[in-house]
Amino acid sequence: MDNWVLKGPQTLINEQSSVNITSPTQVKVKVSHLLLTDFDAQLFTGAEEPAYPKTIGRAAVGIVTEVGENCYGVEKNARVYFEPTRPCGHCLACLSGKTRECTSVLQAGKDFDGFLRDFVVCEYSEVAPLPDSVDDIHALCIETIGIAENIYDKLNLQAGQRVAVVGADFSGNIIAQVLQYHKVIPIIIDNNPAHLEKAKKCGMYYSFTADDDLNANILNATGGHLCDAAVYSGNSRLPLSLSTRLVGQGKTVVISSIASVTAPMDARDILTKNLTVFGVSNAYDYTDAVINMIIHGAVTTDVFEKEILTEYDPVALFKERCSPASNVKKSKMTVLKMIL
Ligand SMILES: [Zn+2]
């Protein structure tokens, strides 16, 4: 049984292994689809350093093949989504029972074994059953949508407010779609014409390139007020200072990424406009809410190009994804269809 284990930077080895249920609250799941993420790519290069060895793979769905006798709400043959994050169990929030506020959320592939393997045995609470109306492709986007929803919750926005979304790659586009679902108006900023085109296809009215006209365009789109908030998508190669430049006095800027971001930040706007800046890097405890959002059509994945691979070499795929010319790849969904 395949199990792709990261032993060190760029050292990803297929260790054949088998797993079995050892407790009545565990399920055994055949992984069926896995979405390659930038987080996986950073783990592969060593930019994110796991406690080696760790099985790689953060976003996956599967089919339950075995259920322990004390598992609830999960049945054999059910399609499930693997929770990509878990509370640490040790921080102050966790110890006081508020796991949703955990300050050091554990991540699949880094802190515990990820899902690029044939079978996973885990607690039944670590998988979420998927209704028929949530297809595998949408299910693979659950964490990205959850991060967008987490950002929306934290920004405390009202209908009609205007939010700059800097970077309209895969995650930036989904953030904008979720804002739009909540009747907040996204203003997309990206220099990639394909990204801007996708934003338009999703019904986004304002999308601009980061050129000399940007300030004037933003003033026009906001009635002269600048944006009510800005979200910087971590995969974007755009300067972080765009997000602080485009918001008004006393507003908030969110930096969003599941992978690490090394962009430098200019403090001038933060100081002169008295801005609040924070990061959102996970969607722990958002899975049920997101499944409900998908059922209600909050997000479409139709606009994204997809490659669904049944034969693949993970090492080659990660090397390709990490290469400097991989910008095209990043707006595409690369899905491994894992067949025994
Ligand atoms: Zn914790």
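When a ligand or atom number is given, it counts from 1 through the structure's own listing order.
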statement: Near the Zn ion (ligand 1) (protein N/O/S, cut-off 2.8 Å, waters excluded) we have Cys88 SG, Cys91 SG, Cys94 SG, Cys102 SG
By salt bridge (Lys or Arg N to Asp or Glu O under 4.0 Å) - contacts of Asp2 (at least two apart): none
message: Tell me every residue that passes salt bridge (Lys or Arg N to Asp or Glu O under 4.0 Å) with Lys28, counting only those two or more places apart in sequence or in another chain.
response: none
message: Working note: Val254 + Tyr152, criterion side chain to side chain contact (heavy atoms under 4.5 Å, CB included); need CA distance, chi angles, decisive distance, verdict.
response: CA-CA 10 Å; Val254 182; Tyr152 170 76; over 6 Å; no
- line: Hits for side chain to side chain contact (heavy atoms under 4.5 Å, CB included) against Glu49, two or more places apart or cross-chain, chain-then-number order -> Tyr52
- prompt: Just wondering, more than 12 heavy atoms not from Glu311 lying within 6.0 Å of its CD?
  reply: no
query: Between Phe318 and Phe44, what is the ring plane arrangement, given parallel below 30°, perpendicular above 60°, and tilted in between?
result: parallel
